[in-house]
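Presented below is the structure to which this report refers.
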Number of protein chains: 2
Amino acid sequence: MATRTRLSREARQDQLLDLGAELFADRSYEDVHIEELAEEAGVSRGLLYHYFPTKRAFFAAMVRRESSRMSELTKTDSSLPILAQLHQGIESYLDYCEGHKMGVKAVFHGGASADPEIQAIVEHDMQVQQERILTAVEPGGKPTELTQIAVRSWLHFLRNACHSWLDSKNVSRDEIRDLCVHTLVATLLALPEDSRPSGIAELAP
Amino acid sequence: MATRTRLSREARQDQLLDLGAELFADRSYEDVHIEELAEEAGVSRGLLYHYFPTKRAFFAAMVRRESSRMSELTKTDSSLPILAQLHQGIESYLDYCEGHKMGVKAVFHGGASADPEIQAIVEHDMQVQQERILTAVEPGGKPTELTQIAVRSWLHFLRNACHSWLDSKNVSRDEIRDLCVHTLVATLLALPEDSRPSGIAELAP
DNA sequence: GGGATTACTGAATGTCAGTCCAATAAGACT
DNA sequence: AGTCTTATTGGACTGACATTCAGTAATCCC
């Protein structure tokens, strides 16, 4: 073994999480072994356990980091008109996807994993996005359960569309953006009158 | 121990798969141990391995069974007009969800599992649904990649909407059905002209 | 330089999945 | 009843991995 290199807590954690995102991007949770992770990072297995109590906790930490990065990046300027905010939000989400392919894929795997801790992170994240949209579209009012389901389901639509786009060759960024924008607007407009958010009415054709 | 009961291959397999769906419905793959599964089924561990070569194979068999049940149930009458087919398809999907909550949840978990075999089953299933829709909406023509992404993303929308509905109290079946129908129609109509399926044009408002 | 701190190591341990197989008994058939 | 088929048992064994912990050595600070 080469001379042991010693890094600060933060630097080492970042290095490990980066590597984790990379490995988990195209292999499943159980396919990636702690030993391999350690080996590729050039550290011992023990060090991993020094920083993260369990393998799941390590995975969760990686998901949490990606998740909050994304959340940070996709904040929009709430003084803009709704349609502009929507455009902006999706553009920055696409930016994030392009810039962090590894993280996106890794989180995508973990997203539906039935582990409660990881589930909770992804869930919380989606909740935040959902509330951003709902308050943008109807500030003050409280949305019906149907409206919430509509928005949440659209978030799944968005996530899948962007994920598919990463693997596609013949689809432009603008096409995906417009697809998602139109779908959300149309979905909200088609809601029954008592569920339709007031802020969206102005966008009717 | 109680008197040993002897079943036919098929009956035993069904019993085990039923139990599997139940256990995997609200716990993750690795949380459910083979030993526990065997114990709850009232059989020995050895018997499980007599019928299924590995734990993953067992899980995969369960997913495959649920998956094909669902696929069978959601076939539509292709002589009907498109909108009617869409209604009918969604209605029967809702039927399936109501009647097989355990299976739905278990498959929902498995869907994101990165195991190639299981991934392939769920993937294949979604592919079938996608093609059903695409040929209904544009028989003969070959859809663009964008159209495919639109339909596939809508399937995620559908899946999530129905899944959310199972846990919701104040949302009616009809509301969910209409939400999904309107969203698909609007999404396809909003596609750029060269991607827009011909069969959907007649539905334009 | 020397001592304190703490990043880091790797052999040992524990938990499961999966194997093997000789022994057992339930049900079918005559 | 007796015989045959085969579903079923159970437990000892292996191997793969996650996880532990007592100890080692960089770096910091005086």
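Chain naming here is simple, since letters A, B, ... match the order of the sequence lines and numbering starts at 1 in each. It should be emphasised that the depicted structure is a prediction, and the values quoted were computed from it without experimental measurement. Values below: every heavy atom of this structure, side chains too, minus hydrogens, waters and symmetry copies.
More than 12 heavy atoms of other residues, nucleotides or ligands shown are found within 6.0 angstrom of NZ on B/Lys55. Within 6.0 Å of the CD atom in B/Glu36, the count of heavy atoms belonging to other residues, nucleotides or ligands exceeds 12. Other residues, nucleotides and ligands contribute at most 12 non-hydrogen atoms within 6.0 Å of the CD atom of A/Glu39.
Comparing B/Tyr29 and A/Leu47 along DNA chain C, the residue whose closest nucleotide (by nearest heavy atom) sits nearer the 5' end is A/Leu47. Nearest-nucleotide mapping onto DNA chain D: of B/Ser8 and A/Arg45, the residue sitting toward the 5' end is B/Ser8.
To the nearest angstrom, P of D/dG15 lies 17 Å from CD of A/Glu35. The NE2-P distance, from A/His33 to D/dT19, rounds to 13 Å in whole Å. When the P atom of D/dG10 is taken as reference, atom CG of B/Leu48 falls 14 Å away, rounded to whole Å. What separates CD of B/Glu36 from C1' of C/dA17 is a distance of 14 Å, to the nearest Å. Residue A/Ile34 contributes atom CD1, which lies 18 Å from atom P of C/dA11 at whole-angstrom precision. Atom CG of A/Leu37 and atom C1' of D/dA16 are 17 Å apart (whole Å). Atom CZ in B/Arg9 sits roughly 16 Å away from atom P in D/dT5 (whole-Å rounding). Between the NE2 atom of B/His50 and the C1' atom of C/dA22 there is a distance of 15 Å, rounded to whole Å.
In this structure, the nucleotide among D/dT9, C/dT19, C/dC8 sitting nearest to the side chain of B/Tyr49 is C/dT19. For A/Lys55, whose side chain is taken as the heavy atoms from C-beta onward, the closest listed nucleotide among D/dT9, D/dT19, D/dA7 is D/dT19. Closest to the side chain of B/Thr54, out of D/dT9, C/dG18, D/dT19, is C/dG18. Here the side chain of B/Arg6 is nearest to one of D/dA26, D/dA7, D/dA18, namely D/dA7. Of the candidate nucleotides D/dT9, D/dC17, D/dA7, D/dT9 has the atom nearest to the side chain of B/Ser44.
Using a 4.0 Å cut-off between charged side-chain N and carboxylate O, A/Glu98 and A/Lys101 make no salt bridge.
One donor-acceptor pair, N or O on each side, does fall under 3.5 Å between the base of C/dT24 and the side chain of B/Arg4.
The ring of A/His163 has its center closer than 6.0 angstrom to the ring center of A/Phe108.
Remark: side-chain polar atoms of B/Gln85 are paired, donor with acceptor, to backbone N or O of B/Leu80 under 3.5 angstrom.
The residue from A/Arg69, A/Glu66, A/Glu72, A/Glu91 that alone fulfils the side chain to side chain donor-acceptor pair (under 3.5 Å) condition with A/Tyr96 is A/Glu66.
For the helix from C/dG1-D/dC30 to C/dT30-D/dA1, the end axes, each set by the C1' atoms of five terminal pairs, are bent relative to each other by 10° (nearest 10°).
Ring planes of B/Phe24 and B/Tyr29: parallel class, angle under 30° (limits at 30 and 60°).
Between A/Leu19 and A/Met102, every side-chain heavy-atom pair lies at or beyond the 4.5 Å cut-off. The shortest side-chain heavy-atom distance between A/Phe157 and B/His156 does not fall under the 4.5 Å cut-off.
Within the 4.0 Å cut-off from OP1 or OP2 of D/dT8, at least one side-chain nitrogen or oxygen of B/Tyr51 is found.
For DNA chain D, no neighbouring residue in residues 12-26 of chain A is found when judged by any heavy atom under 4.0 Å.
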